[in-house]
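Counting starts at 1 for both ligands and their atoms, in listed order. FYI, side chains are in, hydrogens and waters are out, and symmetry mates aren't considered; it's all heavy atoms of this structure. For clarity, every value in this text was computed on a predicted model and none was experimentally measured.
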Amino acid sequence: MRMATWVEVGRIEDVPPGHAARVEIDSVPLAIFNLDGEFYCLDDTCSHAEASLSDGDLDTSRCAIECPLHGSAFSLQTGDPLSLPAVEPVRVHQIDTTDGVIRIALSEDAR
Ligand code: FES
């Protein structure tokens, strides 16, 4: 099994609670979310059409992000769509915030 490659993308202060940030690793656009101090990372591009999930609204009660274009909600934990029109999941990537530094490891299938 290949070891995960961790890439430093910023500091936790860059993404306050309730906010999102968009970063790129190897030209893959990624969205980082801070849900009340818990950090998550998903593909930034919606699985339904060309929309940036980091521009969407966080749904704390469902631990989800709502796409800004047509409103599908995606689970921050699994990337699965929780509502239509999206039916395909987005990928979830590992994220680590040790010592206040945000590091991401792309999922194997993201390259
Ligand atoms: S582009 Fe995201 S739900 Fe349509």
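- Considering each of C67, P81, G71, the one bringing a non-hydrogen atom nearest atom 2 (Fe) of ligand 1 is C67.
- Between R11 and D14 there is no salt bridge, since no side-chain N of the basic residue sits under 4.0 Å from a carboxylate O of the acidic one.
- L76 and F39 end up in different hydrophobic clusters when Ile, Leu, Val, Met, Phe, Trp and Tyr side chains are linked at under 4.5 Å.
- The proximity of C46 to ligand 1, defined as any non-hydrogen pair under 4.0 Å, is limited to the side chain.
- V28 and I32 fall within a single hydrophobic cluster, where Ile, Leu, Val, Met, Phe, Trp and Tyr side chains are chained together by heavy-atom contacts under 4.5 Å.
- The contact set between ligand 1 and A51, taken as ligand atoms under 4.0 Å from a residue heavy atom, comprises 1 (S).
- Nearest to atom 4 (Fe) of ligand 1, among the N, O or S atoms that H70 has, is ND1.
- H48 contributes no side-chain N or O that, together with a main-chain N or O of C46, makes up a donor-acceptor pair within less than 3.5 Å.
- Near L69, with a cut-off below 4.0 Å to any heavy atom, the atoms of ligand 1 are 1 (S).
- The backbone N or O of D44 sits nowhere less than 3.5 Å from a side-chain atom of S54 that would complete a donor-acceptor pair.
- Proximity of a side-chain donor or acceptor of D59 to a complementary backbone N or O of A64 within less than 3.5 Å is not detected.
- Sorting the N, O or S atoms of H48 by how far they are from atom 4 (Fe) of ligand 1 puts ND1 first.
- Listed by number with element, the atoms of ligand 1 under 4.0 Å from a non-hydrogen atom of S72 are 3 (S).
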